[in-house]
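Right, one structure below, let's go through it.
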Amino acid sequence: MASGKIILGITGGIAAYKTVELARGLTKKGYEVYPVLTAGAENFVTPLSLATVTGNKVLKETFTEEEPILHIKLTDEADLIIIAPATANIIGKIAAGIADDLLTTIVAAKNCPVLLCPAMNTRMYQNSIVQDNLNRLKGHGFFLLEPDSGNLACGHEGPGRLPEVQQIIAEVEKILSDKLLTGVKVLVTAGPTREYIDPVRFITNKSSGKMGFALAQAFRDLGAEVYLVSGPVSIKPPFGITYIPVETTEEMANKVEGLFEQVHIVVMAAAVADFRPKVTYQQKLPKENSTSIDFVKTKDILKSLGQRKGRKFLVGFAAQTHDLENYARQKLIEKNLDLIAANDVSRSDVGFDSEENELLVFTRDGRKIFFSRESKKIVAQKLAQLIGEMYLNKQNEKG
Ligand SMILES: Cc1cc2nc3c(=O)[nH]c(=O)nc-3n(C[C@H](O)[C@H](O)[C@H](O)COP(=O)(O)O)c2cc1C
């Protein structure tokens, strides 16, 4: 028996009548199905039939007193959103980031994969704007089930027909089970660390944690069990992972070393402080005291993990303001890493605390890969996929 929560979005296409059968098929497989209708869809399918086959209330309204933030509640818990049929209209709205009804608002707040099943008249489907919108959505990681070709309800012939219900269910099962890293445990570190001078003063760095958090989410979406150990940041941890907040390098080292034996992949994306004050004063230093601070090196967590790596896959980050490539290549070898992702932190458009990132990746097997500037989320998805594939290859090589 399958399990999982599916939001089934139904829009105003002629094929909407087939979604009662789809909802029934998914429910029979064991999925919990929550139908969400657009205003257009109600012309083609009745809420009562969908409620009957799924056992769940059919949702239509964004603004309800019973559940004021229904779209967030639903997206927090869903494993998949399907939109079948997906009209040209909803495809355009999603591609433009519009959120003007419950279904588009849910998609804007999504926290899981989305499967679009476009169905429409052939001319509409082949319209270059519709095609551009579909390509744009594919680029953003949406799954797309191409429509079938044949006689359409409008009398035209060509692509545009909603695929058979069994084919849509097969696609759903593929998306929900086809996860690269099912059963793999991944430890990600993120954010800065703080090294205290006295109880209220500390040294730290500009890391926002965004890249590490995006990586934790990307590994989660690949099916991994994720542990995220992070220094102090102002962003929320992704849903569905184990979050372990820490403050100092020593605390981070303790947590990471404690988890190390039970995980398979370790990605050290945290910007760990390299130095700490030699002395931490127990009381706040009076400002009258002129004081100079001596620093000592903090523990090199990555190096100590590299020394006991075994079959694990170890990834480091190199944040540099200059001579990035030489520094990264040297760190890859010195720390016994499998892969290193180098960030140019001298730039304000990528790296520390920015929304986007650009990475130069070097691998143990001598490859150099460039991830061009994109949102940290997309860069994280690409990097997590590469790490996942390399980890699995490494396991296969060693038998
Ligand atoms: C009888 C009829 C059938 C329609 N079938 C489709 C269709 O199969 N695909 C489509 O994209 N639009 C179709 N439309 C147009 C949509 O219903 C219209 O664009 C609507 O605004 C979609 O709203 P929604 O996407 O919010 O449900 C049809 C309209 C009518 C009147």
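Atom set for the values below is all heavy atoms of this structure, side chains included, hydrogens, waters and symmetry mates excluded. Here the structure is a predicted model, which is why all the values come from computation and not from measurement. Start at 1 and go down the list; that is how both ligands and their atoms are numbered.
- Below 3.5 Å of separation, one finds an N or O of G12 facing an N or O of ligand 1.
- Taking the ring axis of F295 as reference, the NZ or CZ atom of K278 does not stay both within 45° of it and closer than 6.0 Å to the ring centre.
- Interface of F44 with ligand 1, defined as ligand atoms under 4.0 Å from a residue heavy atom, comprises 1 (C), 2 (C), 3 (C), 4 (C), 30 (C).
- Closest of all the heavy-atom pairs between V53 and A23 is CG2-CB, 3.9 Å.
- Taking CG of L144 as the reference point, atom CD of E171 lies at 9.0 Å (rounded to 0.5 Å).
- Below 4.0 Å from some heavy atom of I90 lie the following atoms of ligand 1, by number and element: 25 (O).
- Looking at T87 next to ligand 1, an N or O pair under 3.5 Å apart turns up.
- At least one N/O-N/O distance between T38 and ligand 1 falls below 3.5 Å.
- Geometrically, K110 engages F142 in a cation-pi contact defined by less than 6.0 Å to the ring centre and at most 45° from the axis.
- Ligand 1 has no nitrogen or oxygen under 3.5 angstrom from a nitrogen or oxygen of G13.
- A salt bridge (Lys or Arg N to Asp or Glu O under 4.0 Å) with D338 holds for exactly one of K394, K312, R367; it is K394.
- Distance screen at 4.0 Å: atom 2 (C) of ligand 1 has a protein heavy-atom neighbour inside the cut-off.
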Just list the side-chain donor-acceptor pairs under 3.5 Å for residues 241-248, sequence neighbours left out, or say none.
residue, atom, partner, partner atom, Å
E247, OE2, R194, NH1, 3.2
E247, OE2, Y196, OH, 2.3
T248, OG1, E251, N, 3.1

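- Applying the 6.0 Å contact sphere to CD1 of I293 captures more than 12 heavy atoms from other residues, nucleotides or ligands.
- Within the listing of ligand 1, atoms 25 (O), 27 (O) sit less than 4.0 angstrom from a heavy atom of T11.
- Between N357 and V379, the shortest heavy-atom contact is O-CG2, 3.5 Å.
- For ligand 1, the atoms closer than 4.0 angstrom to any heavy atom of I14 are 5 (N), 6 (C), 7 (C), 8 (O).
- Close to ligand 1: A119, with a non-hydrogen atom less than 4.0 angstrom away.
- For atom 22 (C) of ligand 1, a protein heavy-atom neighbour is found at a distance under 4.0 Å.
- Judged by the shortest distance from any of its heavy atoms, A15 lies outside the 4.0 Å radius around the atoms of ligand 1.
- Listed for the S207 side chain is no donor-acceptor partner under 3.5 Å among the backbone atoms of A271.
- Close contacts between ligand 1 and M124 involve ligand atoms 10 (C), 11 (O), 12 (N) [criterion: under 4.0 Å to a heavy atom].
- Those atoms of ligand 1 that come under 4.0 Å of a heavy atom in N89, given as number and element, are 19 (O), 21 (O), 22 (C), 23 (O), 24 (P), 25 (O), 26 (O).
- Of the protein's heavy atoms, A88 N, 2.8 Å lies nearest to atom 11 (O) of ligand 1.
- Contact detail for P85 and L162: the closest heavy-atom pair is CA-CD1, 4.1 Å.
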